[in-house]
Protein chains: 2
Amino acid sequence: MNLKQLSEILGLSQTTVSRALNGYPEVAERTRLRVQHAAQKHNYQPNIGAQRLARGRSMTIGHVIPLSTQHEMVNPVFADFIAGAGERYSACGYDMKLTIVDDQNEEDIYRDLKSRGSVDGIIVHGPLMNDPRIPLLQELDLPFVVHGRASDIDTPYCWVDVNNASAFQRAGEFLLSLGHRRIGLINGLEHMDFAHRRRAGLVAALEAAGVTPNPDYLHAGEMTEINGHDAMKTMLALDTPPTAVVVASFIAALGVRRALDEAGLRMARDVSVITFDDDLSYLRNGDRIPIFTATRSSVRQAGRLSADLLISHIENPTAAPEHKLLEADLIIGNSTGPVPQE
Amino acid sequence: MNLKQLSEILGLSQTTVSRALNGYPEVAERTRLRVQHAAQKHNYQPNIGAQRLARGRSMTIGHVIPLSTQHEMVNPVFADFIAGAGERYSACGYDMKLTIVDDQNEEDIYRDLKSRGSVDGIIVHGPLMNDPRIPLLQELDLPFVVHGRASDIDTPYCWVDVNNASAFQRAGEFLLSLGHRRIGLINGLEHMDFAHRRRAGLVAALEAAGVTPNPDYLHAGEMTEINGHDAMKTMLALDTPPTAVVVASFIAALGVRRALDEAGLRMARDVSVITFDDDLSYLRNGDRIPIFTATRSSVRQAGRLSADLLISHIENPTAAPEHKLLEADLIIGNSTGPVPQE
DNA sequence: AAACAGATTCAAAGCGCTTTGAATGGCGCG
DNA sequence: CGCGCCATTCAAAGCGCTTTGAATCTGTTT
């Protein structure tokens, strides 16, 4: 069933039928109802390709997922982010197009997306400190929202980010308040902007309390269970291991716990652990009482907000770039306690 | 830059330019080279909407992700699956369209996808025992591949699945060979087809060895860390707890380990654990030596195969439905050992 | 009753591509 | 030299929708 057929059935012109369905005001209300009814009855849906062509808009948002050829890891946060974003896309009539790309030819992908008119806008995932995608997309004049920020880029652009610095600063302050001084960090890869900010936040807290960060306590790596485990194990092997660690992800924190178990240590009693918790649907941090004390911010919510921001920016391209900074909650769980007496 | 402009620059008709770029034979090789060169130089890319309309094909594969309103969980396996599938789509010139949908109106989504011509085919995720989507898609005549199978459906259709029954049977046999008789199962939700098959496989192994499965040892629930933990904890509280458990997911197995730790028990020595390992990129089961003994099958590879199957089915619609059954590897790790002496 | 404004409806022209069917040009051959 | 054939190229007709500008139909107004 296409528009022509439907309009013939109704004895109306395609113009009127199209307008009736798209809510234009110049069609009589009686006619509109008749048209809507017939469309429903005959299960008419406008062809998406034709609509795209006629409108010159794709009604599609692109997500480009870089799959680093080095570590081959899909960001585990990603699934929940798009669940949040997808919710908003559906509500606003947008499609979501996913592109998996190895980091070789990522730039070409964006150029393609633009020149083929595949998407009306893009979400940028996992920004680096000085991410080349941002100037590229600006140059291409393709609307975009960054999930995160790029510290080294000054020109304004749209972003949605959690306040990583303040989250890790608060985590540090909380541990300091429990008497900890030997505080470690098991961080993500620090060329990623979020990891950089997290480190800065924790270090700021330590320095404000007159504690000099010990380089042996600062680890950066991919946020897997195994890396969390290995990093903790390495620190525990030091002459004076940390009495507390801040961990950048829930998955890595599970590895940290395993290392502590293996060493016969108990979380909270022997070593305090605070993790960042993205509130992933498949990795809940406990039921009533959180397993880990955590700084929590829902990545799904970030997805929703990013989608809304992008859509409003697409539909109102002249507006100045907006951004949203989310504060993480500090949630007390069973993994922190006062510094052990020597 | 569009086709018309490009053809004017070249002093050729749109026909010839289009044919040159699409590899039709009736264009002189010299001309083709000239056209390709100019296209490159002017960064010409055919508009995707126009192409869709003219060809009557969308060159898009749909993935519909049901987001159960009850548990609000995104399947953690999903990210790796689409990473695998996306790889193949890119290679074959297909786009991937994602739709997040709450289970209310899932049927409407498929009808829409069909009648709007949004996609050329669909991947069905997370099939149930008697999944209504399969007859629906058959009726709609929309090509599809199921990731998994639906036990209660007899009509032929395309699927890619891991041999869940044999994987869990082998896990059971292995535990039996270590002398275990009190063997538990921490399974996924058993209206899901894969969970059903896994249970059947394990039970078959037990019964073949003359062991009657103890209902108290059989648990089914959502595969989260917390559920894994709680299920194990409950079993440990029994008068005669199991000496071994088979767990349906790596994440749940992490919870099982936590429950054992809390109870002061050691994996392998006190309780043996085998998990199913989807080989997720962000949840590797150890480096050299696996943390858990596991039946492993890469979900990313399943994604690749599903994509290939679907594409070949789209491009050759008359062919009979195909399917692929993958065997899981049994990988020995540090979580299993002989049954403890009482 | 004629004239006019406002409310509806319509025909037709795109949107940028593919594809059909026809036209052109170069070449070998009788 | 003229013909036919093959290799190229082209003009034009869609694909199914939106949207412009014109046409028609009401109901008022003078």
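The chains referred to below are lettered A, B, ... by the order of the sequence lines, with proteins before strands, and numbering in each begins at 1. All of these numbers come straight from a predicted model, not from anything done at the bench.
- Between Y44(A) atom OH and dT18(D) atom P there is a gap of 6 Å when expressed in whole angstrom units.
- In the set dT18(D), dC17(C), dT19(C), the nucleotide with an atom closest to the side chain of S18(A) is dT18(D).
- Residue order along DNA chain C, read from the 5' end via each residue's closest nucleotide, puts E26(A) first among Q14(A) and E26(A).
- Side-chain proximity of A50(A) to dC17(D), dT18(C), dA11(D): nearest is dC17(D).
- Proximity note for T15(A) (side chain, C-beta onward) versus dA12(C), dG16(D), dT9(D): the nearest is dA12(C).
- With K97(A) as the partner, the side-chain contact (heavy atoms from CB on, under 4.5 Å) test is satisfied by one option alone out of L113(A), I61(A), I122(A): L113(A).
- At the heavy-atom level, Q51(A) lies under 4.0 Å from the strands shown only through sugar-phosphate atoms.
- The ring of H147(A) has its center no closer than 6.0 angstrom to the ring center of F78(A).
- Side-chain atoms of S58(A) come within 3.5 Å of backbone N or O of D120(A) as a donor-acceptor pair.
- Where T16(B) and L53(B) each meet DNA chain D at their nearest nucleotide, the meeting point lying more 5' is that of T16(B).
- Atom CG in L12(A) sits about 20 Å away from atom P in dA7(C), given to the nearest Å.
- Distance CG (L3(B)) to P (dA12(D)): 16 Å, rounded to an integer number of Å.
- Within 3.5 Å, no donor on the side chain of T31(B) pairs with an acceptor on the base of dT9(D), nor the reverse.
- The side chain of N22(B) contributes an N or O atom lying less than 4.0 Å from OP1 or OP2 of dT18(C).
- Regarding K4(A), its NZ atom lies at a distance of 15 Å from the C1' atom of dC10(C), rounded to whole Å.
- Ring-plane geometry between F144(B) and Y157(B) is classed as parallel, the angle between the planes falling under 30 degrees on a 0 to 90 degree scale with a further cut at 60.
- Rounded to an integer number of Å, the gap from E29(B) CD to dT8(D) C1' is 13 Å.
- If you measure from atom CZ of R57(B) to atom P of dG14(D), you get 23 Å, rounded to the nearest angstrom.
- If you take CD of Q45(B) and P of dG16(C), they are 15 Å apart, rounded to a whole angstrom.
- Checking dC17(D), dT18(C), dC10(C) against the side-chain heavy atoms of S13(A) singles out dC10(C) as nearest.
- Atom OH in Y24(B) sits roughly 17 Å away from atom P in dT8(D) (whole-Å rounding).
- Using a 4.0 Å cut-off between charged nitrogen and carboxylate oxygen, D80(A) and R300(A) count as a salt-bridge pair.
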